[in-house]
Enquirer: 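My questions all concern the structure below.
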Amino acid sequence: MYTLGKQAPKYSDKTNGEKFLFTLNITSTFVDTFTINLFNVIKSVVYDGTTQVGTEFFPFTIDGMEFINLGLSNVGIETSGRLKYEKVGGTVLTATTPAGQNLTYRDIFSLISTGAYLQMSRLTITSNFREQLISGTMNVVNVSNVGVVTKKSVPLVTFFDATQNQNNILDVFINTHLCYNQGLEFTILPLSTATFQFYLEV
């Protein structure tokens, strides 16, 4: 049994598990569209490899062709708990948590790596670019223990609501889980910011 205590804000529904909200602020200074991988432990640690530099923990490696082809110089989780993709030349894409949220990306990543299953029932995306909601893509990515990758597309356009769209907010109702083998992919537009709020249950 995993418990988060008072570390994360709670929400209520009709299920019995421990429910909490987890918010990530995504900021990109990349000049092209980039696909960010979130929460998939086996893809990060086993399939792509693990490196550690000093006091920073890098669960990704740039030795694989996947990252070399993307022009990345570093991909990893910093000691602050934020996820960072850095390209040659210094442009970065970061996933940070807001002030007042005690859980970091590293905390959730570590929780999943211990074997926890996090059920996700909803995702709210807010962006400064309307185009991020219109043309952004989302995939549920599963990587087997022998490295077989399967992806299930989640068509964001089917979740549009006129009012939310005008406010640059999109609610995605999806019943899936995050675990050692399964995470999420999102395309992030150039020079954009977006907030992802995950409704999770342990």
Enquirer: Could you tell me the separation between the CG atom of Leu21 and the CD atom of Gln101, rounded to the nearest 0.5 Å?
Expert: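 Nearest 0.5 Å value for the CG-CD distance: 8.5 Å.
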
Enquirer: Going by heavy atoms in the side chains, are Asn181 and Val143 under 4.5 Å from each other?
Expert: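 With C-beta onward as the side chain, the pair stays apart.
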
Enquirer: Decide yes or no for Ile108 and Leu118: does some side-chain heavy atom of the first lie under 4.5 Å from some side-chain heavy atom of the second?
Expert: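 In short, these two side chains touch, coming nearer than 4.5 Å.
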
Enquirer: If you look at every heavy atom in Thr176 and Gln182, which pair is closest and at what distance?
Expert: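 What the structure gives for the nearest pair is OG1-NE2, 3.2 Å.
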
Enquirer: For Phe30 versus Tyr85, what's the shortest heavy-atom pair and its separation?
Expert: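 Residues Phe30 and Tyr85, closest heavy atoms: CZ-O, 3.6 Å.
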
Enquirer: Would you check if the side chain of Thr91 reaches a backbone N or O of Lys87 as a donor-acceptor pair within less than 3.5 Å?
Expert: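 No, because the side chain of Thr91 does not come within donor-acceptor range (under 3.5 Å) of the backbone of Lys87.
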
Enquirer: Please lay out, stage by stage, how Leu83 and Ile36 fare under the test side chain to side chain contact (heavy atoms under 4.5 Å, CB included).
Expert: CA-CA 10 Å; Leu83 173 65; Ile36 186 173; 4.2 Å; yes

Enquirer: Show, in sequence, the C-alpha distance, side-chain angles and deciding distance for Ser127 and Asn168, and conclude whether the side chain to side chain donor-acceptor pair (under 3.5 Å) test is met.
Expert: CA-CA 6 Å; Ser127 178; Asn168 288 353; over 6 Å; no

Enquirer: Are Leu38 and Val92 connected in a single hydrophobic cluster, I mean Ile/Leu/Val/Met/Phe/Trp/Tyr linked by side-chain heavy atoms less than 4.5 Å apart?
Expert: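 No.
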
Enquirer: Would you indicate whether the side-chain heavy atoms of Thr96 and Thr27 approach each other to under 4.5 Å?
Expert: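 Counting from C-beta outward, Thr27 and Thr96 never come under 4.5 Å.
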
Enquirer: Would you say Phe173 and Leu178 are hydrophobically clustered, going by side-chain heavy atoms of ILVMFWY under 4.5 Å?
Expert: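 In one cluster: yes.
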
Enquirer: About how many Å separate CG of Leu184 and CG of Asn139, when rounded to the nearest 0.5 Å?
Expert: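 If I round to the nearest 0.5 Å, the distance is 9.0 Å.
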
Enquirer: Do the side chains of Phe129 and Val31 join up, straight or via other hydrophobic residues, at under 4.5 Å, putting them in one cluster?
Expert: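 Unlinked, Phe129 and Val31 end up in two clusters.
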
Enquirer: Is any side-chain heavy atom of Gln119 closer than 4.5 Å to a side-chain heavy atom of Asn175?
Expert: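 Yes. Closest side-chain heavy atoms under 4.5 Å.
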
Enquirer: Please lay out, stage by stage, how Ile174 and Met138 fare under the test side chain to side chain contact (heavy atoms under 4.5 Å, CB included).
Expert: CA-CA 11 Å; Ile174 177 174; Met138 172 182 175; 3.9 Å; yes

Enquirer: Taking atom types as modelled, is there a side-chain donor on Thr97 or Thr104 under 3.5 Å from an acceptor on the other?
Expert: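 Thr97 vs Thr104: no donor-acceptor pair found between side chains.
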
Enquirer: Could you check Leu133 against Leu156 for side chain to side chain contact (heavy atoms under 4.5 Å, CB included), going step by step and ending with a plain yes or no?
Expert: CA-CA 7 Å; Leu133 304 181; Leu156 297 180; over 6 Å; no

Enquirer: Of the non-hydrogen atoms in Leu123 and Tyr199, which two are nearest, and what is the gap between them?
Expert: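 Minimum heavy-atom separation between Leu123 and Tyr199: N-CD1, 4.4 Å.
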
Enquirer: What verdict does the side chain to side chain contact (heavy atoms under 4.5 Å, CB included) test give for Thr193 and Asn25, after you've listed the backbone C-alpha separation in whole Å, the side-chain angles of each residue and the deciding distance to 0.1 Å?
Expert: CA-CA 7 Å; Thr193 61; Asn25 296 322; over 6 Å; no

Enquirer: Quick one: do Phe20 and Phe198 satisfy ring-ring contact (aromatic ring centres under 6.0 Å, His included)? Show the steps, please.
Expert: CA-CA 8 Å; Phe20 66 100; Phe198 302 89; 10.0 Å; no

Enquirer: Is Asn37 reaching over with its side chain to a backbone N or O of Glu185, donor-acceptor style, under 3.5 angstrom?
Expert: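 The answer is no, because no donor-acceptor pair under 3.5 Å joins these two groups.
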
Enquirer: Are Ile125 and Leu191 in one and the same hydrophobic cluster, where Ile, Leu, Val, Met, Phe, Trp and Tyr link if side-chain heavy atoms are under 4.5 Å apart?
Expert: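 Per the 4.5 Å side-chain linkage, Ile125 and Leu191 are not co-clustered.
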
Enquirer: If you compare all heavy atoms of Phe159 against all heavy atoms of Leu170, which two are closest, and at what distance to 0.1 Å?
Expert: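 So the minimum-distance heavy-atom pair works out to O-CD1, 3.4 Å.
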
Enquirer: Looking only at heavy atoms, what is the nearest atom pair of Gln132 and Leu189, with distance?
Expert: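 Closest pair (atom of Gln132, atom of Leu189, distance): OE1-N, 2.9 Å.
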
Enquirer: Quick check: closest heavy atoms across Phe34 and Leu93, and the distance to 0.1 Å?
Expert: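 Residues Phe34 and Leu93, closest heavy atoms: CD2-CD1, 4.0 Å.
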
Enquirer: Can you tell me how far NZ of Lys151 sits from CG of Asn142, rounded to the nearest 0.5 angstrom?
Expert: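 Spacing of CG (Asn142) from NZ (Lys151) equals 12.0 Å.
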
Enquirer: If you take the centroid of each ring, where Trp contributes its six-membered ring, are Tyr105 and Phe39 closer together than 6.0 Å?
Expert: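 When the ring centroids of Phe39 and Tyr105 are compared, they turn out to be within the sub-6.0 Å range.
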
